[in-house]
Amino acid sequence: MSEEIVSELMRAHVYRLAETGQRVDGRGFDDPRKVTIERSFVKTAEGSARVKLGNTDVLVGVKLSVGEPYPDTPNTGVLSTSVELIPMASPTFEAGPPRPDAIELARVVDRGIRESKMVNMEKLCITPKEKVWVMFIDIHVLDYDGNLFDACSYGATAAIASVVVPAKAAGLGEDFPLPIDHWPVSVTTAKIKDILLVDPGLDEERMADARLTVTTDENGDIRAMQKGLSGTFSYDELKRIIETAQRVAREIRPLLQGS
Amino acid sequence: MQGREGLRPIVIPGEAVGGPELKPGPGTYSEGGQLFAAQLGIRTERDGRVSVIPLNGRYIPKRGDAVIGDVIDLGPSHWLVDINSPYPAPLHATESPWRVEFGDTARFLKVGDVIMCHVLSVDEIKRVQLTMQEREARRLSGGMAMEISPTKVPRVIGKEGSMVSLIKDLTRCQIYVGQNGRIWLDGADRDTGIAASAIRLIEERAQAFGLTEAVRELIERARRETRGHGPS
Amino acid sequence: MEDIEHIQKEMKLINEQGRRLDGRKPDELRPVRIEAGVLRRADGSAYMEWGGNKVLAAVYGPREAHPRHLQDPARALVQCRYNMAPFSVSDRKRPGPDRRSVEISKVISEAFSAVVFKEQFPRTSVDIFIEVLQADAGTRCAGLTAASVALADAGVPMRDLVASCASGKIDGVVCLDLNKEEDNFGDADCPMAIVPRTGEIVLLQMDGHLTYDEFQKAMSLSIGAAQRLYELQRDALRRRYSVTLEDILKEPPSAPMVAAPSPEPGLPPEDDFGPEGI
């Protein structure tokens with residue numbers, strides 16, 4: 001139970017450090033943790049990536065199968081994203097159906113991918129109104145040390161980028177790599193009192209009053225946003241966060257693209 | 001620095017550690033007259049007794065242990081304290097250093113407070129009671145708290161307190177090490193950060209000879225680096 | 001036991017030279033790799049690659065058992081949850097436990113229950129999690145073998161590790177460690193787990209058709225393999241905690257964090273050590 005409670009003592013400590021421009025792990029306020037990406041980790045998936053953001057460890061598998069399109073989008077493929085917060089990743093995760101935080105994570109990651117038009121979904125149409133490629137993105141959180149929004153998003157992006165569409169097995173021609181049009185990158189900022197910290201670690205996240213995830217594309221345009229927790233942001237803070245997110249995203253994007 | 005390999009033989013659960021001529025100590029069990037390791041650890045022998053010092057494991061409270069705990073709940077005549085153990089530990093108002101009226105507990109300790117206290121008793125079914133009647137017991141404020149694996153606590157304390165004293169002297173910090181793996185440090189923020197790094201070093205990679213020197217070098221190197229960065 | 005593949009013609013699982021589809025002889029184990037202590041939050045963990053299987057195991061505990069009414073006042077509960085990731089199999093598996101996972105969780109829980117010193121921790125639970133990331137038959141054996149390492153890594157007191165392997169019959173020949181195709185088209189599969197030191201059997205299942213002689217042959221193959229796996233388990237645990245002074249000084253230690261129990265290697269030489277056997 002005390003996993004979720006942060007002592008007054010530690011709150012005071014983090015805040016005191018912040019007042020002199022420091023974070024508990026020595027990072028600058030705008031510095032994300034180290035990102036490592038291992039592509040095509042799982043051979044049973046058509047695309048996969050294991051991403052570590054600091055010690056937060058996420059494995060994403062993308063599976064494609066032939067299915068029916070949604071009635072209102074008869075010419076486009078189907079995208080479905082889900083997140084599993086498996087119990088081994090944290091003592092606070094319980095087995096069972098997805099809780100609201102897992103659902104929110106999945107929807108925010110999905111939004112970033114969908115709204116950025118990362119994948120041209122029309123290219124996943126096989127026969128209009130009848131057959132399309134259905135893409136399942138399954139995000140498996142293995143180790144939780146803060147900032148699942150960004151870790152899951154990076155994992156999903158890297159996994160999608162590694163997808164080879166299994167057309168041959170479906171008798172639909174040669175296999176082909178998924179055509180990627182845009183590269184969304186999410187950057188999450190936590191607010192502790194009046195301090196803004198990019199890529200909050202677990203301790204910072206537990207103390208945060210508010211949180212904002214901003215997903216931008218390669219032009220710096222905003223594709224998805226999500227504010228969380230019960231604190232508030234001023235409009236100035238919002239602008240600062242978005243500008244920082246654009247900058248940090250530019251640094252991280254090449255890693256996801258595999259360069 | 002010594003380049004010697006400090007590889008001590010590690011035993012795993014089920015490995016034989018001694019014969020019937022030896023007595024079973026902590027971390028071992030006896031079967032058919034032979035002794036075996038019950039945990040992953042280092043085999044040691046002293047005075048005819050063989051034990052296995054575990055490399056990892058949860059904190060199991062023992063009477064008299066000094067521990068650092070977080071208050072996680074309270075009732076009219078007690079507080080509930082998390083001491084990093086499988087068992088939640090109540091601290092009764094009568095075991096506190098204050099005169100607490102019934103229902104007035106929140107005035108003295110609230111949820112989120114950190115205290116230094118002792119294990120008063122542990123019964124046969126591992127129910128734990130805490131006390132703050134000992135001299136060093138108090139509510140902690142300021143400074144920072146950290147947590148290490150409880151199995152590493154003896155190492156951080158060192159023989160007769162030599163290791164923790166070294167860190168305290170070199171960093172000018174006050175340090176309380178709880179048997180439960182929780183540690184409180186107080187000093188200038190940069191100094192507590194350095195002390196905490198030294199403790200992490202001991203916890204993470206201490207299987208070589210000359211650890212004391214490694215700790216000393218780490219602290220001195222860190223202090224040299226921060227000296228150029230303005231006031232601590 | 002996993003998913004069904006469509007085949008056009010009949011498959012020969014063993015050729016005239018006695019070699020299997022992947023080139024193995026009937027008594028050959030697939031390549032196995034184990035690494036201990038791979039996760040930060042869990043009290044103990046292990047990662048294993050076994051042929052085409054990729055399995056992650058983690059342990060929390062002993063910790064307070066929830067819900068309260070399930071607590072045993074005399075001993076710890078030993079609870080395992082075996083789960084397959086949706087992308088771990090060719091046909092995506094819907095998230096969440098299915099009946100097969102529930103059954104496997106149960107038999108693995110019971111296997112570990114036989115070796116953990118439960119009486120030392122009344123009212124608690126030792127929670128074991130097995131996550132199959134990529135499946136190629138034999139996942140419960142891989143999961144169990146990895147979970148054993150995770151339990152030791154977590155410092156949970158137990159009598160011994162547990163090692164597990166399956167044998168079966170394909171094209172009438174008793175073979176060790178079936179892979180996916182062999183399991184799907186073979187004639188029998190028999191997973192088992194033993195306590196390496198004593199040979200006690202803590203898990204045993206079988207489906208298919210085996211004569212009594214064939215069963216004994218299968219067991220003998222599996223037990224031999226389990227002993228080899230035990231060596232790998234021990235090696236993984238030893239590797240995790242063997243560090244030289246050079247390693248210590250090369251890398252900066254991680255920054256201080258609250259409530260981040262990091263079960264990393266380390267132990268004192270005797271001269272610097274405090275009171276023994278804390």
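Below, read A as the first sequence line, B as the second, and so on, with proteins coming before strands; counting in each chain starts at 1.
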Between NZ of C/K93 and CZ of A/F136, what distance do you get to the nearest 0.5 Å? 13.0 Å

If I measure from the heavy atoms of chain C, does A/S65 come under 4.5 Å with its side chain, its backbone, both, or neither? neither

Partner chain A: residue of C/G52, C/G96, C/P95, C/P97 with the largest heavy-atom pair count (under 4.5 Å): C/P95

May I have all residue pairs that pass side-chain hydrogen bond (donor to acceptor under 3.5 Å, both in side chains) and include part of residues 49-60 of chain C, sequence neighbours excluded? C/R33-C/E49, C/Y47-C/E49, C/W50-C/D177

Identify which of A/H140, A/H13, A/E84 forms the greatest number of heavy-atom pairs closer than 4.5 Å to chain C. A/H140

side-chain contact (heavy atoms from CB on, under 4.5 Å) assessment of A/L202 paired with C/R40: CA-CA 12 Å; A/L202 184 62; C/R40 265 298 192 111; over 6 Å; no

Residues, nucleotides or ligands: over 12 heavy atoms within 6.0 Å of A/R107 CZ: no

Under the 3.5 angstrom rule, does the side chain of A/D143 hit a backbone N or O of C/L39 as a donor-acceptor pair? no

I'd like to know whether OH of A/Y70 has more than 12 heavy-atom contacts from other residues, nucleotides or ligands below 6.0 angstrom. no

Just to verify, what does C/F117 make a ring-ring contact (aromatic ring centres under 6.0 Å, His included) with, not counting sequence neighbours? B/Y29

Atom CD1 of A/I137 and atom CZ of C/F87: how far apart are they, to the nearest 0.5 Å? 12.0 Å

Examine distances only and state if a side-chain atom of A/K63 and a backbone atom of C/D91 form a donor-acceptor pair shorter than 3.5 Å. no

Can you name the ring-ring contact (aromatic ring centres under 6.0 Å, His included) partners of C/F121, sequence neighbours left out? none

For atom CD of A/E94, is the number of surrounding heavy atoms from other residues, nucleotides or ligands below 6.0 Å larger than 12? no

Measure C/D127 against the heavy atoms of chain A and call it side chain, backbone, both or neither at under 4.5 Å. neither

More than 12 non-hydrogen atoms from neighbouring residues, nucleotides or ligands closer than 6.0 Å to CD on C/E110, yes or no? yes

Interface residues of residues 43-51 of chain A facing chain C - non-hydrogen atoms under 4.5 Å apart: A/K43, A/T44, A/A45

Portion of C/R81 that has a non-hydrogen atom of chain A nearer than 4.5 angstrom: side chain

Which bit of A/L59 comes within less than 4.5 Å of chain C, counting heavy atoms only: side chain, backbone, both or neither? both

What are the two closest non-hydrogen atoms of C/R41 and A/Y144, and how far apart are they? NH1-O, 2.7 Å

